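Values in this document were obtained by computation on a predicted structure and should not be read as measured data.
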Amino acid sequence: MSTVSAPGKRRAPIRPARVLLHVFLAGTALAWLAPLLWAVFSALRPYSETSAKGYVSWPDKLSLDNFTNAFRQSDMLHYFGNTLVIAIPAVLLTLFLSSCVAFYVSRFDFRLNLALLLVFTAGNLLPQQVIITPLYRLYLLTDLPGITASGKLYDSALGLVLIHVAFQSGFCAFVLSNYMRSLPHELTEAALVDGASVWRLYWQITLPLCKPAMAALATLLSIWIYNDFFWALVLISTGENMPVTSALNNLSGQYFTDPNLVAAGSLLTAIPTLVVYFALQRQFVSGLTLGSNKG
């Protein structure tokens, strides 16, 4: 009994429009990565070589000396610890408070639920520079004896945590409320019939279903708060209390600054954000695409 093999599939012809699209995407990716690649290239070269030959030249020596010197001279490990003290409580507290607000405005019907959500979201539309003067004076006037090392809300990690929570909660409440609205209301009704309390309905039923959205928001919050420089510069006066983004100032001298050393320090400060993103990459992407396939 003979068998007839199926004819092979013909490859689709390559269209010029598709070639142009790939060329455009490749060029855009290179343009986006060019500053990062240039920073890596500069950080691997000694300053003596670039000052003699220029930055646009073929390197004679590539080494990791700038990275080790930047890590040691800036006391980066200490500032990494300061950033963790600020970022971890700020992210957890923001997610908790915003999820509480989102649960209330999305799972319960009352007249002002939309207005309440708009109030939280409107806080993100206010430029930070507009409120910096009254906020600075408020931090100076708020006494916290025995709670912070400075005795005030100013120049403390607690002050930075609170301002990050205040500015990021609106966006997170908006995202989580939209996601919670897509959850079936039958879950809430069945739990209420079984005698579940509001707290149990929030903590044990609704919140576990929001893990993809929470992971996506946790990734964004970690990056935003970690990379903050403005609030730390204004609300912190003691150099030892600064976050890691301010540690790069220790690499700048009064009369001379080694740009290769600064480039190495900048790349070192970016490592934790990359670790957070790659650790939560799958949840981050799934959180961004939630609801894209729903009719």
Side-chain angles (χ1 to χ4, degrees), residues 25 28-29 32-33 83-110 113-125 160-194 196-228 270-295:
L25 293 177
T28 304
W32 184 266
L33 291 175
T83 301
L84 292 179
V85 171
I86 297 169
I88 293 178
V91 171
L92 296 179
L93 193 58
T94 300
L95 291 178
F96 174 70
L97 295 178
S98 60
S99 63
C100 290
V101 174
F103 173 75
Y104 186 65
V105 300
S106 62
R107 310 305 287 180
F108 296 93
D109 294 328
F110 60 100
N113 60 349
L114 182 59
L116 180 62
L117 182 61
L118 289 177
V119 169
F120 274 87
T121 307
N124 293 90
L125 304 179
L160 289 182
V161 170
L162 293 179
I163 193 62
H164 285 307
V165 172
F167 263 88
Q168 305 299 341
S169 294
F171 172 75
C172 294
F174 176 77
V175 173
L176 289 175
S177 64
N178 289 335
Y179 178 68
M180 290 182 183
R181 290 180 192 275
S182 65
L183 300 178
H185 284 274
E186 288 77 7
L187 293 174
T188 305
E189 296 172 357
L192 290 175
V193 170
D194 291 339
S197 62
V198 175
W199 172 257
R200 186 175 183 183
L201 184 63
Y202 159 75
W203 187 257
Q204 295 185 356
I205 298 177
T206 304
L207 206 58
L209 298 176
C210 299
K211 285 183 179 179
M214 297 282 282
L217 289 175
T219 305
L220 292 175
L221 287 175
S222 300
I223 295 174
W224 291 342
I225 296 175
Y226 178 88
N227 288 328
D228 171 70
I271 293 177
T273 58
L274 295 177
V275 172
V276 171
Y277 174 75
F278 285 116
L280 300 176
Q281 181 181 12
R282 181 174 300 179
Q283 291 83 357
F284 178 71
V285 174
S286 62
L288 292 180
T289 57
L290 287 172
S292 61
N293 57 351
K294 295 181 180 180

S.K.: Decide ring-ring contact (aromatic ring centres under 6.0 Å, His included) for Trp224 and Phe171; before the verdict, give the C-alpha distance in whole Å, the side-chain angles of both, and the deciding distance to 0.1 Å.
M.R.: CA-CA 12 Å; Trp224 291 342; Phe171 172 75; 5.6 Å; yes
S.K.: Taking side-chain contact (heavy atoms from CB on, under 4.5 Å) as the test, write out the residues that go with Ser169, two or more places apart.
M.R.: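 With neighbours one apart ignored, the set is Thr94, Val165.
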S.K.: Roughly how far apart are Tyr226 OH and Thr83 OG1, rounded to 0.5 Å?
M.R.: 6.0 Å
S.K.: Nearest 0.5 Å please: distance from the CE atom of Met214 over to the CG atom of Leu221.
M.R.: 9.5 Å
S.K.: Check Ala102 against Ala173 and note the closest heavy-atom contact, atom names and distance.
M.R.: CB-O, 3.7 Å
S.K.: Out of curiosity, Phe278 CZ to Thr273 OG1, how far, rounded to the nearest 0.5 Å?
M.R.: 9.5 Å
S.K.: Applying side-chain contact (heavy atoms from CB on, under 4.5 Å), run through Val91 and Gln168 and close with a yes or a no.
M.R.: CA-CA 9 Å; Val91 171; Gln168 305 299 341; over 6 Å; no
S.K.: Please report the shortest heavy-atom distance between Ser222 and Ala218, naming the atom on each side.
M.R.: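 Heavy atoms of Ser222 and Ala218 come nearest at OG-O, 2.7 Å.
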S.K.: Sequence neighbours left out, what passes side-chain contact (heavy atoms from CB on, under 4.5 Å) with Leu92? Give chain and number order.
M.R.: Ile88
S.K.: Taking the side chain as everything from C-beta on, heavy atoms only, tell me whether Val198 gets closer than 4.5 Å to Phe108.
M.R.: yes
S.K.: Return the minimal non-hydrogen interatomic distance between Arg107 and Met180, and the atom names on each side.
M.R.: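 Arg107 and Met180 have their closest heavy atoms at NH1-O, 2.7 Å.
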S.K.: I need the Arg181 CZ to Leu183 CG distance, nearest 0.5 Å.
M.R.: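 The CG atom of Leu183 is 11.5 Å from CZ of Arg181, to the nearest 0.5 Å.
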S.K.: Quick check on Trp199: does its CH2 atom have over 12 non-hydrogen neighbours (other residues, nucleotides or ligands) under 6.0 Å away?
M.R.: yes
S.K.: Taking all non-hydrogen atoms of both residues, which atom of Ser177 and which atom of Leu117 are closest, and how far apart?
M.R.: OG-CD2, 3.5 Å
S.K.: Would you name the heavy atoms of Ile225 and Ala87 that are closest together and state the gap between them?
M.R.: CG2-CA, 3.9 Å
S.K.: Just list the side-chain donor-acceptor pairs under 3.5 Å for residues 200-209, sequence neighbours left out, or say none.
M.R.:
| residue | atom | partner | partner atom | Å |
| --- | --- | --- | --- | --- |
| Arg200 | NE | Gln204 | OE1 | 2.9 |
| Tyr202 | OH | Ser99 | OG | 2.7 |
| Thr206 | OG1 | Leu201 | O | 3.0 |

S.K.: Should we count CZ of Phe174 as having more than 12 external heavy atoms under 6.0 Å?
M.R.: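 No, CZ of Phe174 has 12 or fewer neighbouring heavy atoms, counting only those of other groups under 6.0 Å.
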S.K.: Nearest heavy-atom pair of Ile86 and His164: which atoms, and what distance?
M.R.: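 The answer is CG2-CD2, 4.1 Å.
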